[in-house]
Amino acid sequence: MEANSEVLFERRGELGLITLNRPKALNALTESMCATMDDQLARWQDDPSVAAVVVRGAGERAFCAGGDIRALYEAGRAGGAGATDFYRREYRLNTRIKYFPKPYIALLHGIVMGGGVGVSVHGSHRIVDATAVFAMPETGIGLFPDVGGSYFLPRLPGETGMYLALTGARLKSADMAYTGIGTHCVASSNWDLLIARLAEGAPVDEALAGLASDAGVPPLAEYRTTIDRCFAEDCVEAVLAALDDAPDDWAASVAATIRTKSPMSLKISFRELREGRRLAFDACMRMEFRMVSRVMAGEDFFEGVRATIIDKHNSPVWRPATLAEVSDADIDAYFAPLGEKELGS
C-alpha cells in the first residue's frame with residue numbers, strides 16, 4: 001500500500017483502490033490529495049495490469065464533503081496564489097477522471113458535496129448506499145457549482161441541474177438515482193464483495209450482478225413539473241417570479257431559500273449553467289477556472305465562509321446585497337479570459 005496521511009492507494013489484484021483518509025474532516029480535499037490522486041491515476045491508466053479503479057471515503061459520515069474550505073479561506077485571506085493553485089490542481093484531477101480510460105467506480109456514502117462530487121460524478125460508475133446525500137451548496141458561501149458542475153448539472157433531467165445549482169438542495173439516494181448522479185444503488189454491506197469481484201478481474205456489470213437494488217421512490221419526481229417550468233426561465237429574477245406565482249408551498253420555500261444566497265453567486269451560476277450546456281467538458285473547466293480566479297479576488301466567498309463555517313451564525317452580508325445591484329458587466333467580468341493564467345497554461 002502506498003500512502004500519505006490523507007489518501008491511501010492500494011493494489012488488490014486487478015483493482016486500484018483509493019481511500020480518501022481524512023474522516024475527522026469529512027474527507028475534505030487538500031491540494032496534496034488532488035496532486036497525489038492525479039499522479040496515481042496517471043500511473044494506473046498506463047498500467048495494463050490495472051483493470052479498474054475504486055474510490056471510497058474513510059469513516060462513516062462522508063465520502064467527501066468537498067474542498068477544505070477553511071484552508072482555502074485562510075489561503076485567500078493571506079494573499080498570493082494558494083487558493084487558485086488548489087483549484088488548478090483540483091480541476092486537473094476532475095479532468096483526469098472524466099477522461100480516465102478504465103472503469104472508475106466511486107462508492108458513495110454519507111456526505112457527497114462540492115469537491116466530493118468532482119472526484120465521483122465524472123467517473124463511469126457512481127454506487128450509492130442508503131446514507132448518501134448529494135449537494136452542490138456553493139451559492140450559500142459566495143461561490144458557484146464548480147468541479148465540472150457547469151458540464152454535468154445542465155445535462156441532468158429537465159431543469160433539475162439549475163434547481164440544484166441555485167438552491168444547494170440536498171438529494172438522498174433515491175433522487176441521486178433518479179437524476180443519474182448515482183448509477184447504481186448497492187448496500188454498503190456488499191461493497192467488500194464488489195471490491196473483491198473487481199479485484200479478481202470481473203467486468204463491472206458482472207461484479208454488480210445480484211448486488212444492485214432499486215433505490216426507491218424519488219421525492220424529487222413530485223416537483224419535476226414545477227422545477228422544469230420555473231427554472232427554465234431566462235434569468236434568476238424570472239425564476240423567482242415563476243416560483244412566487246406557483247400555487248404551492250414547496251415553490252414558496254424554494255424561492256425563500258434562493259433569496260438567502262449570494263446575489264452575485266446566483267447570477268454567475270445561472271450564466272455558468274446556461275453556457276455549460278452547449279460547451280464541451282474542457283471548455284467548461286476553463287470557464288470555471290476563470291470564474292473561481294475572480295471569486296478568490298472578491299469578497300462574497302470570504303464573507304460566506306466566515307458566516308457559515310468560521311463564525312457559524314449563517315447570516316452573511318452579501319455585496320452586492322440584491323440581484324438588482326448585479327449588472328451584466330459585473331457578471332461578464334467573471335467569464336473573461338485569463339491570458340497566460342488560463343487553466344492548462
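As the structure is a computational prediction, the values presented were derived from the model and not from experiment. This chain uses plain numbering: 1 for the first residue, then up along the sequence. What's counted below: heavy atoms across the whole structure, side chains too, no hydrogens, waters or symmetry copies.
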With a 4.5 Å heavy-atom cut-off, do [X] and [Y] have their side chains touching?
X    : Y    : value
L153 : M162 : no
L279 : S150 : no
L198 : L194 : yes
V292 : F301 : no
S49  : R11  : yes
S265 : E138 : no
R61  : I111 : no
F134 : D175 : no

Legend entry - Side-chain ion pair, E288 and R92, N-O less than 4.0 Å: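 Answer for the salt bridge query: no.
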Inset, instruction - Indicate yes or no: does R259 engage D244 in a salt bridge with an N to O separation below 4.0 Å. - result: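 Answer for the salt bridge query: yes.
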Inset, instruction - Would you check, one step at a time, whether the test salt bridge (Lys or Arg N to Asp or Glu O under 4.0 Å) holds for E299 with R77? - result: CA-CA 10 Å; E299 289 296 326; R77 280 300 188 215; 3.5 Å; yes
Spatial distance of atom [atom1] ([X]) from atom [atom2] ([Y]) [nearest 0.5 Å]:
X    : Y    : atom1 : atom2 : result
Y178 : L171 : OH    : CG    : 11.0 Å
I268 : D332 : CD1   : CG    : 12.0 Å
F152 : I181 : CZ    : CD1   : 6.0 Å
I127 : S120 : CD1   : OG    : 11.0 Å

Can you tell me if [atom1] on [X] sees more than 12 non-hydrogen neighbours from other groups inside 6.0 Å?
X    : atom1 : answer
D249 : CG    : no
K172 : NZ    : no
R306 : CZ    : yes

If you compare all heavy atoms of [X] against all heavy atoms of [Y], which two are closest, and at what distance to 0.1 Å?
X    : Y    : answer
P316 : G304 : CB-CA, 4.4 Å
M176 : V128 : CE-CG1, 3.5 Å
V236 : L266 : CG2-O, 3.6 Å
P320 : M264 : CD-CE, 4.0 Å
I195 : R56  : CD1-NH1, 3.9 Å
S262 : G142 : CB-CA, 3.9 Å

Counting distance only, does the side-chain N/O of [X] pair as donor-acceptor with the main-chain N or O of [Y] below 3.5 Å?
X    : Y    : value
T139 : L166 : yes
D129 : A187 : no
T167 : I258 : no
H125 : D205 : no
R294 : A336 : yes
N94  : G118 : yes
K98  : F281 : no
E303 : W318 : no
K102 : W44  : yes

Inset, instruction - Look at the aromatic rings of Y223 and W250 and report parallel, tilted or perpendicular, splitting at 30° and 60°. - result: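 It falls in the parallel class, under 30°.
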Legend entry - R271 to Y334, cation-pi by 6.0 Å centre distance and 45° axis angle: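 The answer is no, since R271 fails at least one limit relative to Y334.
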Inset, instruction - Scan I97, L41, L17 and name whichever one has a side-chain contact (heavy atoms from CB on, under 4.5 Å) with V53. - result: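 Exactly one pass, corresponding to L41.
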Inset, instruction - Please step through salt bridge (Lys or Arg N to Asp or Glu O under 4.0 Å) for the pair E325 and K267, ending with a clear verdict. - result: CA-CA 11 Å; E325 295 174 77; K267 286 210 167 183; over 6 Å; no
Inset, instruction - Verify whether the ring centers belonging to Y151 and H122 lie closer than 6.0 Å. - result: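 No, ring centres 6.0 Å or more apart.
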Legend entry - Donor on one side chain, acceptor on other, E6 and S32, under 3.5 Å: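 The criterion, which ignores hydrogens and geometry beyond distance, is satisfied for S32 and E6.
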Inset, instruction - Could you verify whether a donor N or O on one side chain and an acceptor N or O on the other, from R126 and T183, lie under 3.5 Å apart? - result: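 Side chains of R126 and T183: no pair found under 3.5 Å.
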Inset, instruction - With side chain to side chain donor-acceptor pair (under 3.5 Å) as the test, would you mind laying out the steps for T36 and D39 before giving the verdict? - result: CA-CA 5 Å; T36 54; D39 290 344; over 6 Å; no
Legend entry - Cluster overlap L220 with V217, hydrophobic side-chain contacts below 4.5 Å: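 They do not share one cluster, since no chain of ILVMFWY contacts under 4.5 Å joins L220 to V217.
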Inset, instruction - Go through the structure and list residues passing side chain to side chain contact (heavy atoms under 4.5 Å, CB included) with T225, not counting sequence neighbours. - result: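 Partners of T225 under the side chain to side chain contact (heavy atoms under 4.5 Å, CB included) test: R229.
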Legend entry - F270: ring-ring contact (aromatic ring centres under 6.0 Å, His included) partners, not counting sequence neighbours: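 ring-ring contact (aromatic ring centres under 6.0 Å, His included) check on F270 returns nothing, list empty.
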